[in-house]
A.B. asks: 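There's a structure below that I have some questions on.
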Protein chains: 2
Amino acid sequence: MRATIADVARQAGVSKTTVSRVLNTRADVDASTAARVREVIDALGYVPSSGAVGLARGSSRTIAMLTPPLTWPWMGEVLQGVADTVEAAGYGLLLFSCNRGADSVRHFTGQVSARAFDGLLVIEPENTLGTIAEMYRKGLPVVLIDDRGRHPAFPSVATTNREGGASAARHLLDSGRTKPLVLTGRRDFGCVRDRLAGFSGVLPTDLVVEGEFTEESGRHGVERALAQGRDFDCVFAHNDLIAAGALRALRETGRTVPDDIAVVGFDDLPIARHTEPPLTTVRQPMRQMGETAARLLLTGLGGETLPAVPVVLPTELVVRRSAPCP
Amino acid sequence: MRATIADVARQAGVSKTTVSRVLNTRADVDASTAARVREVIDALGYVPSSGAVGLARGSSRTIAMLTPPLTWPWMGEVLQGVADTVEAAGYGLLLFSCNRGADSVRHFTGQVSARAFDGLLVIEPENTLGTIAEMYRKGLPVVLIDDRGRHPAFPSVATTNREGGASAARHLLDSGRTKPLVLTGRRDFGCVRDRLAGFSGVLPTDLVVEGEFTEESGRHGVERALAQGRDFDCVFAHNDLIAAGALRALRETGRTVPDDIAVVGFDDLPIARHTEPPLTTVRQPMRQMGETAARLLLTGLGGETLPAVPVVLPTELVVRRSAPCP
DNA sequence: CTGAAAGCGCTTACAG
DNA sequence: CTGAAAGCGCTTACAG
């Protein structure tokens with residue numbers, strides 16, 4: 001049988017109260033008593049049951065994370081940032097990937113009602129923002145990662161999508177490009193609108209193709225633009241997968257990158273270093289966003305009020321061969 | 001204040017025992033009583049506190065997953081398979097990524113001792129196998145995903161690494177290739193030894209370069225072999241990143257794939273479809289491995305004894321242009 | 001078919 | 001500085 005606080009108390013010849021006190025390093029415990037209790041704790045290998053502590057204290061020291069499919073290319077980075085931070089704080093991390101539709105959401109809301117965790121980190125809700133907002137209103141601490149530009153009523157961590165788009169445009173403009181083809185993700189994403197607005201502010205264009213955040217989409221976007229005889233000397237892709245597809249389509253139709261056409265992506269996924277040629281791209285600090293969001297939530301759980309304004313982390317232009325410096 | 005079982009009991013005019021019974025759909029409850037209780041439950045939006053249930057029942061209905069860095073390319077697939085399965089069973093998924101060394105391990109063992117979860121899924125322990133084995137011996141249900149060929153004393157889910165290597169060799173041999181260059185990952189991984197053994201059994205070679213599971217490693221492997229004037233007409237890379245690096249090095253040194261040199265990878269990562277040319281590779285069913293392992297663990301928690309032999313899922317050769325059919 | 005009571009393993013006023 | 005007792009919100013023999 002595993003040891004309980006009662007076992008420790010008995011063997012140390014004190015009350016459970018006292019054991020609890022040394023466990024939680026409260027003051028007001030005689031040094032020698034404390035030492036004796038600690039000895040017994042070590043001897044018995046006693047560790048308080050997290051369930052019992054949680055019940056008694058009314059908190060679980062666990063954080064939940066709600067995510068879109070875990071197979072998204074930058075998911076691992078965010079998750080790692082979150083996991084490291086949460087773990088370092090001694091909290092548990094409960095993962096909910098809303099991957100099975102309504103059933104997933106039901107399971108998740110159930111766990112919220114069951115008070116299975118103290119706070120929630122959310123990425124890209126996609127149709128769940130209403131549910132989340134409801135939970136937040138009822139008192140669940142929530143921090144959003146990447147708010148898709150909706151700037152809802154909760155604390156959030158975002159990145160400079162607009163400035164990122166602008167930096168891509170400036171870089172292209174500086175290298176003498178003036179006729180861009182822009183390949184976006186779905187327009188209902190706030191980040192897409194922001195990246196586009198930032199880019200257009202510097203380098204206006206009417207050659208914008210809306211698509212998905214996939215390689216295929218990038219390929220088709222370029223193929224279609226070429227087929228229509230549109231004239232462009234550079235491509236701004238809204239993520240690196242799109243950019244990779246664009247690179248491929250350009251190569252297959254005999255264009256040289258960057259001589260004929262320069263290409264800039266977004267995200268700085270691992271593949272960006274390995275495309276042909278390596279991709280110039282706007283880096284999103286995904287891991288840092290995960291860390292920041294987790295730290296923010298943890299702070300909130302500590303009782304502090306969280307900033308009403310999104311915490312915005314800067315993007316960074318990473319220059320490689322697909323769009324070199326002028 | 002959120003409703004408790006006592007509130008429900010009071011409003012329904014029954015005892016907490018009865019409420020508990022209808023909650024857990026035990027028989028022996030009068031139909032009309034049960035209906036009344038259910039009404040109150042709905043009216044109050046009552047959901048049992050998972051913490052309290054856990055304490056009373058001595059189990060948390062939570063599973064933990066211990067992983068290497070979450071940024072590994074196929075991690076998302078495995079995790080998604082696990083998450084979907086665990087979630088569908090109504091369990092929670094607690095994530096531990098041992099990414100901060102000894103401190104991570106300490107945090108993790110703490111949670112084990114605190115009984116924070118009922119069972120454990122493990123990928124690639126890397127120096128933690130001893131700790132895990134100890135926990136398993138003390139009664140923690142554990143299922144290993146990809147046992148690196150060590151076949152330890154616990155239930156595990158693996159894939160046919162050996163046969164996968166053999167299938168790559170057969171495919172190359174069938175297309176008339178006889179002089180392979182093999183680029184492996186670190187030799188202390190069981191999967192590396194298995195893939196190599198399977199390959200060599202069909203297509204013996206002394207041209208084996210040990211490296212890391214990275215693009216750089218693949219590039220350097222090919223460059224070095226070429227620099228040494230070694231003669232080869234195909235490459236078997238132990239994962240797709242290595243293969244991608246090999247493709248690049250071959251292209252940059254003027255070799256044509258597959259005409260001069262055919263290339264086969266391993267894993268079938270998303271990038272495999274987007275390399276130039278698209279990569280023939282041995283597919284590992286990562287998501288299915290995650291699902292299977294989770295299902296296995298869940299079964300074990302249900303009280304059934306788990307198979308002593310690893311559950312082995314088949315690899316599958318996916319043929320693309322880098323090594324086409326003969 | 002139903003309920004009073006004990007128990008799960010802790011924490012926390014309260015009293016001394 | 002320390003402890004007895006109540007309480008966190010459930011489940012589960014046990015008795016009827």
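Proteins get letters first, then strands, A, B, ... in listed order; numbering begins at 1 in each. A quick note: this is a predicted structure, and the numbers were derived from the prediction, not measured.
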A.B. asks: Taking the side chain of B/S15 as heavy atoms from C-beta outward, which of C/dT2, D/dT11, C/dG3 is closest to it?
C.D. replies: C/dG3

A.B. asks: Ignoring hydrogens and angles, are the base of D/dT12 and the side chain of B/S20 linked by a donor-acceptor pair under 3.5 Å?
C.D. replies: no

A.B. asks: A/L55 has an atom CG; how far is it from atom C1' of D/dC8, in whole Å?
C.D. replies: 4 Å

A.B. asks: Could you check which of D/dT11, D/dT2, D/dG7 has an atom nearest any side-chain atom of B/A56?
C.D. replies: D/dT11

A.B. asks: Taking the minimum atom-to-atom distance to the side chain of A/V53, which one of C/dG9, D/dT2, C/dC10 wins?
C.D. replies: C/dC10

A.B. asks: Any side-chain to backbone donor/acceptor pair from A/R2 onto A/V47? Under 3.5 Å, distance only.
C.D. replies: yes

A.B. asks: Which is more 5' along DNA chain C, the nucleotide nearest B/R57 or the one nearest A/V19? Just name the residue.
C.D. replies: B/R57

A.B. asks: Near DNA chain D, counting only heavy atoms under 4.0 Å, which residues of residues 4-14 of chain B show up?
C.D. replies: B/T4, B/I5

A.B. asks: Let's test your reading of the model: under 3.5 Å, does the base of C/dG3 pair with the side chain of B/R21 as donor and acceptor?
C.D. replies: yes

A.B. asks: Atom CG of B/D28 to atom C1' of C/dG3: distance rounded to whole Å?
C.D. replies: 14 Å

A.B. asks: Check for a donor-acceptor pair, side chain of A/R115 on one end and backbone N or O of A/L55 on the other, with a separation under 3.5 Å.
C.D. replies: no

A.B. asks: Closest-nucleotide mapping onto DNA chain D: is A/A34 or A/K16 further toward the 5' terminus? I mean the 5' end.
C.D. replies: A/A34

A.B. asks: Which distance, rounded to the nearest 0.5 Å, do you find between the CE of B/M75 and the OG1 of A/T71?
C.D. replies: 13.5 Å

A.B. asks: Nearest to the side chain of B/L23, heavy atoms from C-beta on, is which of C/dC1, C/dG9, D/dT11?
C.D. replies: D/dT11

A.B. asks: Check whether any side-chain heavy atom of B/V122 lies under 4.5 Å from a side-chain heavy atom of B/F96, and answer yes or no.
C.D. replies: no

A.B. asks: Could you tell me the Watson-Crick or G-U partner of D/dC14, where both distances fall under 3.5 Å? Say none if there is no partner.
C.D. replies: C/dG3

A.B. asks: Check the distance between D/dG9's C1' and B/R61's CZ and give it to me in whole angstrom.
C.D. replies: 18 Å

A.B. asks: Rounded to whole Å, please give me the gap between CG in A/N24 and C1' in C/dT12.
C.D. replies: 11 Å

A.B. asks: Starting from C1' on D/dC10, measure out to CD1 on B/I41 and report it in whole angstrom.
C.D. replies: 13 Å

A.B. asks: Taking the side chain of B/A52 as its heavy atoms from C-beta onward, which of D/dG9, D/dT11, C/dT11 lies nearest to it?
C.D. replies: D/dG9

A.B. asks: Just checking, is any N or O donor in the side chain of A/S50 or B/Q111 under 3.5 Å from an acceptor N or O on the other one?
C.D. replies: no

A.B. asks: Report the distance from atom CZ of A/R115 to atom C1' of D/dG9, rounded to the nearest whole Å.
C.D. replies: 13 Å

A.B. asks: Examine D/dG3: is either OP1 or OP2 under 4.0 Å from a nitrogen or oxygen in the side chain of A/T17? Give yes or no.
C.D. replies: no

A.B. asks: Between A/R137 and A/E134 (salt bridge meaning N to carboxylate O under 4.0 Å), is one present in this structure?
C.D. replies: yes

A.B. asks: Roughly how far, to the nearest 0.5 Å, is the CG atom of A/N161 from the CD atom of A/Q284?
C.D. replies: 5.5 Å

A.B. asks: Nearest to the side chain of A/T18, heavy atoms from C-beta on, is which of C/dT11, D/dT2, D/dG9?
C.D. replies: D/dT2

A.B. asks: Does the side chain of A/S97 pick up a donor-acceptor pair with the side chain of B/Q80 at under 3.5 Å?
C.D. replies: yes

